[in-house]
Amino acid sequence: MRIRTAGVVAAALALSLAATGCGGGGDEPAASDSPAAKAAGGRLVIWADTKRTAALKPFADHFGQENGVTVEVQEIADEQQTTFVTASQQGSGPDVMVGAHDWIGNLVQNGAIDPVQLSAQQKAGFAEIALKAVTFNGQVYGVPYAMENIALIRNTDLAPQAPATVEDLVATGKRLKAQKKASEILCLQVGQSGDAYHLYPLYTSAGGYLFGTAANGDYDPKDLGVGTPGSVAAFKKIRALGEKGDGALKRSIGGENSIATFTAKKCAFLVSGPWAITDVKKAGLAYDISPVPGFAGGEPATPFVGVQAFYVAAKGKNKALAQEFVANYLTVPDLAVALYKAEPRPPALTAALDQVKAEDGDLVKFQEAGRAGAVLPAIPEMAAIWDPFGKAEAAIIGGADVATTVNAAAKTISGQIR
Amino acid sequence: MATQLTSPGPPVVAPDGGRHRPQRPRTARDSAPVTLTGLAAKVVLLGLAAGIAIWAAFPLVEARAWAGLAILAGTTAAIFYLYLTRRHVPAKYLVPGTLFLIAFQVFPILYTASTAFTNFGDGHRGSKDEAIVAIQTASVTQVPGSTEYALAVATTGEPATGPLVFLVTDPATRAVSAGDATGLRALPEGDVTVNSAGKVTAARGYTVLTAAQAGARSAEITAFAVPTAGGAIRSSGLSRAYEGKATREYAAGCDCVRDTATGRTWTADEGAGAFVAADGERLAQGWKVGVGLKNFSRVLTDSTISGPFLRTLLWNVAFAVGSVAVTFGLGLLCAFALHTPRMRGRSLYRVLLILPYAMPSFAMLLVWRDLFNTDFGLVNRLFGLDVDWLGGVWSARLAVVLVQMWLGFPYMFLVATGALQAIPKELTEASKVDGAAPWQSFRQVTLPLLMVALTPLLISSFAFNFNNFNAVYLTTEGGPFPADNPTAGATDLLITYTFRLAFGAAGAQYGFAAAISVFIFAIVALLSAVSFRRTRRQEELYA
């Protein structure tokens, strides 16, 4: 008998687990749609990444109290875009999403976000480039709150003068290397798979481009710059900086070690964004920030400008409230300042930027470095660029033949763009 | 049959598996006393099952998933029948496992296989209706030069159910109008109270909704539009309204989307799941359709995919075989070394050898990637080398296998130690008596016996390594890549290669990824079947 009881217990336990397992997958979406939400008269759910969740909480609470609704800020640790798209599809997504502006193309093609109608006055409050970034097919799809771009961060003990050109930079770097003051010329992340984002200023300065511009100022997916003679010429200049040339660009320097190598004083120059400053400050070295230099006599070196924005989820349960929060509440400078304090990136609202500028000189310098910048393309076709472009970059920096590599990358990219 | 031993009836062993077993033992068992704990456990667990079923039923009802509800009801009823009756004893044990098998094995496989015949992926996630809604919503633009109103949402009836009215204030004149589905109508100034921001706070004949009340009717408010000459007044949140116009409209007659501003039309293409214009331009928002065998034929006919497929497959097999071989070789060697009774401090060594196995492998893989860095990595520094480890084809392959060896040998060491201890000492001693040299005794007695026990483990290890995504993706990401092909790297396994094809460029393509998964499934199944067949032969040989 003892054994039978044990058997029944085990079987039933397993069954209840099985039932949970069977039921679990399908129910999640509806589970959040609890009757409690209706009783409370509305519940606004905001998804943000780890850093922004804390900064958003007090403002969300304030909005909630003002309007008599519950506002929940939920932290999505990683893969925010994928999680958001999948959850939206299932109907278990948030009402408001916080994320980078280059998601817009993909979010729109998946019907995951709705346009935001801003008044002319509200629009005027934003930096022009920030507003341009969140505009897709002529519609504003999100409310921008912070901008970011890369710049040249320099160890002023090693290199007191900001280099005017890439050639200057390489000459200084080589001299420091010869004097054994540094072991690397430049810390620009490449890695084994390349990094199109960090290389972009050098690529444009050498005469390359990714997508042309259509008549309305948007990127034109039909005009692909990779594979054009200009891009081949640009990669020739980049190859000369690579492992078979000056050795300024190396695959051994990647995302995981570029900032650490700079803070360890192994190189005098780092190409990175505002996110690097915390580490640089912690290392206690004297630094300055200047625009990424271009090649002597070349085109302007344009970094990408990215924007962080708030989106209204198209399949949210509380869209009117979400619109109210995003369009009419977030356009006040206080929130932008608080978010800046949570993570120092230049606010997109001009008023907020002016407010924090006074306390943070680095911000102004980063903004200055991004003045010539190009909006990071938000068109879905951009997804086809990153991987093949990066790999071509890594191969060329490693010494591969430029024309074959660039053409192969161009073929892969155009194959992906329907 | 353990129950036989405890049953009070005479032990009856029927040669035919008990089919003609006399009734007595069964009745004896059935009349066994029901203990209180057993009964309580039964009641609690069945109650739990019922609770879970009810909890799962609500969302199904809400989603109108009647088929799912029927399955749920059927399963629950079957469970209750099974555990409340005293019959069907074997089923009592089998059903839970079967349910798990269906939930976690059969269902995913069927789902993957069925996805492989669709274009499910970014841009083709939802239904056609959802795509049409998204296209129309996305095309609503503000009428140029139109007024931006301050908005108060009101109703003429109950706050929760009454018909909606938009009370809009013109910011310039402060004139208030009420708008409903029939259009705008000016309200006399004396009837309304307007706050400093221009928003109506009270109006005679209307109940102004609070934000919470309005929030509860969110969907209605978003869909509400007050027709005007130039378009319609819509809400932007709960405090502003604008005059907007949907420039793209779906017409069911032609099954197309027409742009009212430019006159351009995009006709539905059910094969591609998108609205396509005459010149081939597609609207971004598409929908999910069945594409038949297209995903499968794409794998076979697209030269950028089928070309490197064979090379990747070969390396994939080599990687799996190599990983198993080096981990097994080193593991076995260590096991032998620590099997010798003369060895001192064996338990300490064993603990040390297990350490790599105890570390989280994904973190270790990232550490190893950094150790192999050309300029800053420990490997080159320590040995004074200048090898471009992850940049060269063969060095990267070697590096990947070396990392696998480090991560995997403790497991092999463990299982080999266990198997060695299970081999009776008499056998080796007997071979010694027969005059066999130690090596001969190892080769002809110990190893074959070891292999009988370990071969199934080696095969499962092979199958695991065949799809060892982390091992490659976290160290080399599949690289280095040949200059002329950025899609297939030298260390790519089929699984990392698939991942890149399906999710790397141009967004997620679940349908296509599922098709490649089916191919990989077929390959692994074939290889496993062949090797298990060989194992059986081997067992017959040594058994």
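A, B, ... follow the sequence lines: proteins, then strands. Residue 1 opens every chain. The analysis underlying the following values was restricted to heavy atoms, covering all of them including side chains, and did not include hydrogens, waters or symmetry mates.
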Could you walk me through whether B:R125 and A:T86 pass the side-chain contact (heavy atoms from CB on, under 4.5 Å) check? CA-CA 9 Å; B:R125 282 174 183 265; A:T86 315; 4.2 Å; yes

Distance check, rounded to the nearest 0.5 Å: B:D375 atom CG versus A:I253 atom CD1? 7.0 Å

Nearest heavy-atom approach of A:V69 to B:A212 is CG1-CA, 3.7 Å

What distance do A:K391 atom NZ and B:E477 atom CD have between them, rounded to the nearest 0.5 Å? 7.0 Å

Strictly by modelled atom types, are A:Q122 and B:R240 linked by a side-chain donor-acceptor pair under 3.5 Å? yes

Side-chain donor/acceptor of B:Q285 to backbone N/O of A:G111, under 3.5 Å: no

Gap separating the NZ atom of A:K250 from the CG atom of B:D388, nearest 0.5 angstrom: 11.0 Å

Greater than 12 external heavy atoms within 6.0 Å of B:F80's CZ: yes

So, the part of B:L238 with a heavy atom under 4.5 Å from chain A: the answer is both

Within the supplied structure, the quantity of interest is the number of heavy atoms (other residues, nucleotides, ligands) at a distance under 6.0 Å from B:L84 CG; does it exceed 12? yes

Atom pair CZ (A:R251) and CG (B:N373), whose distance is rounded to the nearest 0.5 Å: 10.5 Å

Residue A:N137 versus chain B: region with a heavy atom under 4.5 Å: neither

State, to 0.1 Å, how close A:Q117 and B:V140 come at their nearest heavy-atom pair, and which atoms those are. NE2-O, 3.2 Å

Might you point out which heavy atoms bring B:R500 and A:D387 nearest each other, and give the distance in Å? CD-OD2, 3.2 Å

Stepwise side-chain contact (heavy atoms from CB on, under 4.5 Å) check, A:E184 with B:F376: CA-CA 11 Å; A:E184 305 298 327; B:F376 311 101; 3.6 Å; yes

Answer yes or no: is there a side-chain heavy-atom contact under 4.5 Å between B:D370 and A:N257? no

Side chain, backbone, both or neither: which part of A:E66 has an atom under 4.5 Å from a heavy atom of chain B? neither

Assert top hit (heavy-atom pairs under 4.5 Å, partner chain A, pool B:A219, B:A63, B:G237) equals B:G237

Heavy-atom distance under 4.5 Å to chain B: side chain of A:S183, backbone, both or neither? neither

Starting from the C-alpha separation in whole Å, work towards a yes-or-no answer on side-chain contact (heavy atoms from CB on, under 4.5 Å) for A:K317 and B:S218. CA-CA 7 Å; A:K317 297 189 176 67; B:S218 214; over 6 Å; no

Proximity breakdown for B:Q142 and chain A, heavy-atom pairs closer than 4.5 Å: both

Taking atom OG1 of B:T137 and atom CG of A:D114, what is their separation to the nearest 0.5 Å? 5.5 Å

Output the option from A:N106, A:N110, A:V140 having the highest count of non-hydrogen pairs under 4.5 Å with chain B. A:N110

Heavy-atom nearest pair, A:P115 first then B:A138, reads CG-CA, 3.9 Å

Chain B shares the most heavy-atom pairs under 4.5 Å, among A:A327, A:S193, A:A395, A:A394, with A:S193

When only pairs under 4.5 Å are counted, which of A:L44, A:N407, A:L118, A:I113 shares the most heavy-atom pairs with chain B? A:L118

Go through the atoms of A:F136 and report whether side chain, backbone, both or neither lie under 4.5 Å from a heavy atom of chain B. neither

Just so I understand: if I count every heavy-atom pair under 4.5 Å between each of A:A320, A:A409, A:G390 and chain B, which residue has the most? A:A320

Please classify the contact of B:A134 with chain A as side chain, backbone, both or neither, using a heavy-atom distance under 4.5 Å. side chain

Atom NZ of A:K411: over 12 foreign heavy atoms under 6.0 Å: no

Considering all heavy atoms, the nearest A:Q109-B:D122 contact: NE2-CB, 3.6 Å

Under a plain distance cut-off of 3.5 Å, with no hydrogens placed, do A:Q139 and B:T141 share a side-chain donor-acceptor pair? no

Relative to chain A, which segment of B:S139 carries a heavy atom at a distance below 4.5 Å: side chain, backbone, both, or neither? backbone

Taking every non-hydrogen atom, the tightest pair across B:S239 and A:N328: OG-ND2, 3.0 Å

Can you check side-chain contact (heavy atoms from CB on, under 4.5 Å) on B:T222 and A:Q323, steps first, answer last? CA-CA 9 Å; B:T222 323; A:Q323 287 277 3; 5.7 Å; no

B:R369 side, atom CZ; A:E256 side, atom CD - distance, nearest 0.5 Å: 4.0 Å

